[in-house]
Amino acid sequence: MSDTQVLCIGEVLFDCLADQQGKSLTEVESWTAYPGGAPANVACALVKLGTPAGFIGCVGEDEPGNSLVELFQEIGVDVTGIQRHPDAPTRQVYVLRSQTGDRQFAGFGNLDTADFADTRLNVSLSPESLFQNVSFLVSGTLELAYPQSREAIEKAAELAKENQVKVLVDVNWRPVFWHNPDSAPEVILKFLQQADFVKLSDEEAEWLFNTTDPSAIAQQLPHLQGVLVTAGEAGCSYYLAKNSDKIPAFSVKVVDTTGAGDSFVAGFIHQLCQQGTEALTNAETAKNMVIYASAVGAITTTKAGAIAAQPTPKEVEEFLNSH
């Protein structure tokens, strides 16, 4: 772990994408499984961009779990923090796609949301040494839905603080993961007290803060260094070290939006690792970091599958030059 700059904690799973776009759950004839899970996507995208990353999470001792660990190893993600559960299976989530590539989560087949291995992440099995010499911890919020994994995620944030590691939380609001969705806002807002940076979609910002204005969200959470609000085709707005602006989205032919926000997060963290958080005090530098992140996200929508579609630094450079 000595060269790892970013730890990503949470779920790794298979997104089973409907092969037939625009069809309902009962109308879909076949599915294709793609590796996914927001923190896992971020870890893989970071490594592809050239920032060493590790993953902390739990998968089953089953074939899907084996293939996910092997994928991490092939890409170069550090797997020291991965736990294996002997009984609970690796999560699979079914995803419907509209004609324009937008997605809708359609549940977990015959299993309950709490039946999967990722919910069994054990706080006592994550060595504290993982957090030494690391610059950033990236966490989603899905694992806050389950008592055991919530404890592990919250402990990770505490260890990050003890080791002067910056924390970015991506608010992934997926009601299907929660037994009691009404309890989610309080749980998530409490966890955001541990964050240095928060990334939300415009819908998530409206749901949690009753505003899509990053500056207004930062006023509600004054300890934050940055807030990023993505809005798909409407672009991205941000508040970073008191610099705020809005940038338009890149125009691309969208095939699949799965993982675009995760790639955006990876692009932003990659820039922070290269330039340092103090660089955000320069308005132009902050804006260019967000533009870079938006490019990484946009490229990811042009192919199917969150991880498979992630770009290399050369692809990002060529994309920015041509746009």
Side-chain angles (χ1 to χ4, degrees), residues 5-6 8 38 41-51 53 101 135-136 138 166 168-171 195-205 212-218 224-303 306-307 309-323:
Q5 285 184 270
V6 183
C8 300
N41 293 342
V42 174
C44 292
L46 279 165
V47 172
K48 290 184 181 185
L49 291 171
T51 293
S135 300
F136 288 92
V138 176
K166 298 289 186 183
L168 183 146
V169 177
D170 184 359
V171 179
D196 298 285
F197 297 89
V198 173
K199 181 262 174 189
L200 319 91
S201 70
D202 52 345
E203 295 99 336
E204 289 162 347
T212 58
D213 179 1
S215 298
I217 294 171
L224 291 177
Q225 287 183 252
V227 179
L228 301 143
V229 179
T230 56
E233 294 178 353
C236 169
S237 53
Y238 62 88
Y239 172 90
L240 296 168
K242 299 183 179 178
N243 293 307
S244 58
D245 203 350
K246 184 173 182 178
I247 61 169
F250 288 102
S251 180
V252 295
K253 184 179 180 182
V254 174
V255 172
D256 176 21
T257 60
T258 305
D262 307 326
S263 289
F264 175 93
V265 168
F268 179 67
I269 293 287
H270 174 66
Q271 287 293 302
L272 287 180
C273 286
Q274 293 212 316
Q275 302 189 56
T277 55
E278 62 278 357
L280 292 172
T281 58
N282 181 291
E284 193 64 24
T285 301
K287 183 174 185 176
N288 286 334
M289 285 188 184
V290 179
I291 290 172
Y292 184 94
S294 296
V296 179
I299 295 167
T300 302
T301 69
T302 62
K303 301 174 189 173
I307 294 172
Q310 293 165 344
T312 63
K314 187 170 185 286
E315 288 171 325
V316 180
E317 182 182 353
E318 291 172 351
F319 180 89
L320 287 168
N321 288 337
S322 64
H323 287 74

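Note: hydrogens, waters and symmetry copies are ignored here, and every other heavy atom, side chains too, is used. These figures come from a predicted structure and were not determined experimentally.
- Side-chain atoms of Leu272 and Leu280, non-hydrogen and from C-beta on, do get closer than 4.5 Å to each other.
- One N or O on the side chain of Asn243 and one on the backbone of Thr281 form a donor-acceptor pair closer than 3.5 Å.
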Dump the intermediate steps for side-chain contact (heavy atoms from CB on, under 4.5 Å) on Val198 and Ile217, then the final yes or no. CA-CA 10 Å; Val198 173; Ile217 294 171; 5.8 Å; no

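- What you find for Ala195 and Leu224 is that their closest heavy atoms are O-CD2, 3.4 Å.
- Side-chain atoms of Lys48 come within 3.5 Å of backbone N or O of Ile307 as a donor-acceptor pair.
- For the side chain to side chain contact (heavy atoms under 4.5 Å, CB included) criterion with Pro214, the lone passing option out of Asp245, Leu240, Val229 is Val229.
- The NE2 atom of His323 sits 12.0 Å away from atom CD of Glu318, with the distance rounded to the nearest 0.5 Å.
- Residues Tyr292 and Leu320 share a closest heavy-atom pair of CD1-CD1, 3.9 Å.
- Between the side chain of Gln310 and the main chain of Asn41, a donor-acceptor pair closer than 3.5 Å is present.
- In terms of heavy atoms, Cys236 sits closest to Ser294 at CB-OG, 4.3 Å.
- If you take NZ on Lys287 and CG on Asn282, they are separated by 12.0 Å, rounding to the nearest 0.5 Å.
- A tilted orientation is assigned to the rings of Phe136 and Phe197, their planes being inclined by 30° to 60°.
- No more than 12 heavy atoms of other residues, nucleotides or ligands sit less than 6.0 Å from atom CD of Glu233.
- From Thr301, atom OG1 reaches atom CZ of Phe264 across 13.5 Å, with rounding to the nearest 0.5 Å.
- Across all non-hydrogen atoms, the minimal contact from Ala43 to Ala53 is O-CB, 3.8 Å.
- Interatomic distance, Gln5 CD to Thr51 OG1, rounded to the nearest 0.5 Å: 5.5 Å.
- The two residues Asp256 and Lys303 make their nearest non-hydrogen contact at CB-O, 3.7 Å.
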Does the pair Val42 and Leu168 meet the rule for a side-chain contact (heavy atoms from CB on, under 4.5 Å), with working shown? CA-CA 11 Å; Val42 174; Leu168 183 146; over 6 Å; no

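- Between Ile299 atom CD1 and Thr312 atom OG1 the span is 8.0 Å, to the nearest 0.5 Å.
- The shortest heavy-atom contact between Leu46 and Cys8 is CD1-SG, 4.3 Å.
- Side-chain N or O atoms of Thr300 include one that pairs as donor or acceptor with a backbone N or O of Val296 at under 3.5 Å.
- Here Thr230 contributes atom OG1 and Leu228 contributes atom CG; the two are 8.5 Å apart, rounded to the nearest 0.5 Å.
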